[in-house]
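Let me begin by presenting the structure, written as structure tokens, before commenting on it.
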Amino acid sequence: MSFPDLTLLSKRFGAAGRIAFRSGEGGLPVVVLAGPQGACEVALYGGQVLSYRPLGQAPALFVSRKSVFEVGKPVRGGIPVCWPWFGAHPQDKTQPMHGFARLMPWTLLTAEYSAQLTDIKLGLCDNEATRARWPHAFDLTLRVMLDATLRVELTTRNHGKAPFTFSEALHTYLRVRDVSRVTVSGLDGVRFLDTLTGQEHAAQKGAVHIHGETDRIYHDAGANPCTVDDAGLGRQMVITKRGSRSTVVWNPWIEKAHRLADFGDDEYPQMLCVETANTPQAAVTLPAGEEHTLGFSLRAEMKMP
Ligand code: TA6
């Protein structure tokens with residue numbers, strides 16, 4: 001798997017103080033976006049946002065200190081792109097969890113900025129490797145926009161002659177001070193699947209609290225923003241979605257953390273995944289020639305004491 005040379009990328013897309021490039025962990029190329037209200041980094045490997053730091057705040061995204069940064073393996077943290085299937089492949093268990101997009105090299109297409117906004121687009125289109133796993137013609141665009149918020153949009157285009165069906169997620173790892181003191185609101189009354197028990201629940205009752213391993217798919221949570229209140233840090237993170245019919249809430253807690261080789265046993269209190277998704281229960285069928293966009297904005301604000 002090869003990536004473009006950093007010097008060439010800098011020459012073509014670099015902009016002093018706004019768009020830069022560095023060789024990241026494992027030597028994987030990273031785009032560094034900066035603006036008046038924050039900074040973020042995006043890896044060309046997997047089209048994965050790795051960090052987001054709102055101005056004057058602690059990092060808003062979590063990456064495990066035990067994550068591997070190796071071609072062919074997923075990076076544990078930031079915002080993995082799960083596509084074209086969420087979770088295990090429906091038929092073929094030898095296929096990678098959460099699809100192949102997060103294991104592929106993406107191409108930087110555009111990098112622009114204005115007074116407040118820094119904005120890049122990455123692309124991935126079908127090739128021999130993708131067609132061997134998923135026999136469809138497509139192109140994916142990941143747009144990352146940095147201003148007072150972080151916005152991420154994944155657009156799928158069907159370049160084939162027939163419809164295709166996929167599931168997807170922007171699998172956001174939020175960094176929190178202490179997950180047991182976090183509440184997630186905006187899902188009250190929403191139907192959900194507890195994937196640990198396989199049981200469907202008619203409605204979430206009140207805010208979501210994390211006091212054990214949690215792996216839930218909230219169905220049709222609608223456009224209501226999800227608010228993550230991090231009492232430990234005194235920060236509120238508001239996630240507003242589009243083109244998404246599922247919200248996934250995940251924390252591995254103690255035992256699962258222990259089982260994950262690329263996750264520290266003591267790291268589970270510091271993260272919570274609140275994912276913008278269309279899980280298999282809400283799979284998207286895209287007619288030939290059409291496109292679909294999944295996206296969210298993340299606004300992080302420190303609460304006045
Ligand atoms: O989004 C939640 C989930 O599907 C969990 O079941 C858990 O497996 C997590 O994703 C992480 O998946 P990964 O393949 O990155 O280990």
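Counting convention: from 1, in listed order, for ligands and their atoms alike.
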Tell me which donor-acceptor pairs under 3.5 Å the side chains of residues 69-79 have, and how far apart each pair is, sequence neighbours excluded?
residue	atom	partner	partner atom	Å
Glu70	OE2	Lys73	NZ	3.1
Arg76	NE	Asp262	OD1	3.1
Arg76	NE	Asp262	OD2	3.3
Arg76	NH1	Tyr173	OH	2.9
Arg76	NH2	Asp262	OD1	3.2

For Trp250 and His171, the nearest pair of non-hydrogen atoms, with its separation, is CE3-CE1, 4.0 Å

Strictly below 4.0 Å, N to O, side chains only: are Asp230 and Arg177 in salt-bridge contact?
no

Residues pairing under salt bridge (charged side-chain N to carboxylate O under 4.0 Å, His left out) where one sits in residues 289-305, two or more places apart or in two chains, turn out to be Arg157-Glu291, Asp229-Lys303, Arg299-Glu301

Where does ligand 1 get N/O contacts under 3.5 Å from the protein, atom by atom?
residue	atom	partner	partner atom	Å
ligand 1	1 (O)	His171	NE2	3.0
ligand 1	1 (O)	Glu275	OE1	2.9
ligand 1	1 (O)	Glu275	OE2	2.8
ligand 1	4 (O)	His98	NE2	3.3
ligand 1	6 (O)	Asp215	OD2	2.5
ligand 1	10 (O)	His98	NE2	3.0
ligand 1	10 (O)	His171	NE2	3.1
ligand 1	12 (O)	His98	NE2	3.4
ligand 1	14 (O)	Arg102	NH2	2.9
ligand 1	15 (O)	Arg76	NH1	3.2
ligand 1	15 (O)	Arg102	NH1	3.0
ligand 1	16 (O)	Arg76	NH1	3.1
ligand 1	16 (O)	Arg76	NH2	2.9

Indicate every side-chain donor-acceptor pair of residues 198-208 with a distance under 3.5 Å to a residue at least two apart or in another chain.
residue	atom	partner	partner atom	Å
Glu200	OE1	His219	NE2	3.1
Glu200	OE2	His219	NE2	3.1
Gln204	OE1	Arg216	NH1	3.2
Gln204	OE1	Tyr218	OH	2.6
Gln204	NE2	Gly206	O	3.3
Gln204	NE2	Ala207	O	3.3

With the threshold set at 4.0 Å, does a side-chain nitrogen-carboxylate oxygen contact exist between Arg65 and Asp266?
-> yes

